[in-house]
Amino acid sequence: MFFDFIDKVLYEGSSSKNPFAFKYYDAEKVVAGRKMREHLPFAMAWWHNLCAEGSDMFGRGTADKSFGAKYGTMEHARAKADAGFEFMQKLGIEYFCFHDVDLVPEAEDINETNRRLDEITDYILEKMRATGIKCLWGTANMFSNPRFMNGAGSSNSTEVFCFAAAQVKKALDMTVKLGGSGYVFWGGREGYETLLNTDIKFEQENIARLMHLAVDYGRKIGFKGDFFIEPKPKEPMKHQYDFDAATAIGFLRQYGLDKDFKLNIEANHATLAGHTFQHELRISAINNMLGSIDANQGDLLLGWDTDEFPCNVYESTMCMYEVLKAGGLKNGGFNFDAKNRRPSNTYEDMVKGFILGMDTFALGLIKAAELIEDGRIDEFVKLRYSSFDTEIGKKIRNGNVTLEELAEKALEMKKVDNVPSGNQEGLQSIINSVLFK
Ligand code: XUL
Ligand code: CO
């Protein structure tokens, strides 16, 4: 037992002063026709919660993630799984996400790494059966090992391309073994530092080839879920090919991958791309590509990926507004790709981080449902485009008109008398009145 200071984290309501209770997340409570736990399939990210110790560019880790075992051993791999399952059970988190090398120490020889992965996934599978906890998605870490310094699918080396293929194959095997409903490609090194040494066209074609091979293999071994691209504009590379949702969707369509892939949208990646989280979700949703969410938050004053636990209710409300409008996430969930701040280095802080994140999204869900129920935003948007319900509007929409006819109409009108207001401040005031009533 690693988290002895808590039994099960329960819902106590917003007036509770208990730091180890949910203030808004009430798993069984019905909001907008479904239970909160069904709207919000929360997942624990193995890498942040069980591996990351808070090291940064200027100092080593501050948190102890040894869980009583020696680092670099299979005993440690099992201790992490023990801690992770105890943690998820106590918080009522029903899913987890993993990279291959989050689970075991990587060996010199990939054959030995794969053997270790078989051993740990047997162990994890037993725990999943005992607890009912499930795998949301798996992925291969193709950015940490030095062999990926020039990319994985985009590498200039066929040797590296083979290793990328081997890791994707194994990670797909594990995802299927653990019953995951998603497989993620986050292309951390799929990009470039300088165009002086880079053939973008060649690199993008090769990434697409690797993805096609992954789809073919995945479907062959019975993977029925979704493949996801997780867009991010930069970091670690200066420029990453999956810059944002629109770029990733264009790529998927160009290379015929759009039937098998959707997007995994991360809040902090959206802001790094110069977009809001809501923008990235909307672009995905209108293209039928909203797959899953990496639920975290960045710091707008910092230009890098801080992966904070989300606390901004305005943002989570607009996120849940998009998710509700899109009809929910089918094969996806809300993966806390988030880590405690470096000085928040205790086991208590780990629990508090998840309570904060889960409550922030629960409150966002409640408020988004209220906004939709309120109806004024929807009504205004409908009204805003209502001139397209007129005879000429319908003709434009249906493509039944020529440029000459439209120009003729303008000449008849002579001038535009009235373009209706955008009412932004009025709408923002509605949001505040729903958020803070
Ligand atoms: C990195 C990031 C990754 C992906 C999975 O910014 O978000 O952890 O979610 O590789
Ligand atoms: Co992520």
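Counting convention: from 1, in listed order, for ligands and their atoms alike. All of these numbers come straight from a predicted model, not from anything done at the bench.
Considering Glu230, Glu235, Gln240 only, the shortest heavy-atom separation from atom 7 (O) of ligand 1 involves Glu230.
Val215 and Phe227 make their closest contact through CA-CZ, 3.7 Å (heavy atoms, listed as atom of the first residue, atom of the second, distance).
Between Asp305 and ligand 1, at least one N/O pair is under 3.5 Å apart. The shortest N or O to N or O distance between His99 and ligand 1 is under 3.5 Å. Checking only distances, Asp307 never comes within under 3.5 Å of ligand 1, N or O to N or O.
Listed for the Gln297 side chain is a donor-acceptor partner under 3.5 Å among the backbone atoms of Cys311. Lys367 places no side-chain N or O within 3.5 Å of a backbone atom of Glu370 that could act as its donor or acceptor partner.
Less than 6.0 angstrom separates the ring centroid of Phe354 from the ring centroid of Phe336. If you look at Phe67 and Tyr347, their ring centroids are closer than 6.0 Å.
Which parts of ligand 1 touch Asp294 is read off a 4.0 Å heavy-atom cut-off, strictly below it: atoms 9 (O). Residue Lys232 approaches ligand 1 through these ligand atoms, each under 4.0 Å from one of its heavy atoms: 6 (O).
Side-chain contact annotation: Tyr314 with Gln278, donor-acceptor N/O pair under 3.5 Å absent. Between Asn197 and Thr194, the side chains place no donor N or O within less than 3.5 Å of an acceptor N or O (distance only, hydrogens not considered). In summary, the side chains of Asn150 and Asn156 do present a donor paired with an acceptor at a separation below 3.5 Å, with no hydrogens or angles considered.
For the Co ion (ligand 2), protein N/O/S neighbours under 2.8 Å (waters excluded) are Glu230 OE2, Glu266 OE1, Asp294 OD2, Asp337 OD2.
Nearest protein neighbour of atom 3 (C) of ligand 1, counting heavy atoms only, is Asp337 OD2, 3.6 Å.
Contacts classified as side-chain hydrogen bond (donor to acceptor under 3.5 Å, both in side chains) and involving residues 125-137 (residues at least two apart or in different chains) are given here: Asp82-Lys127.
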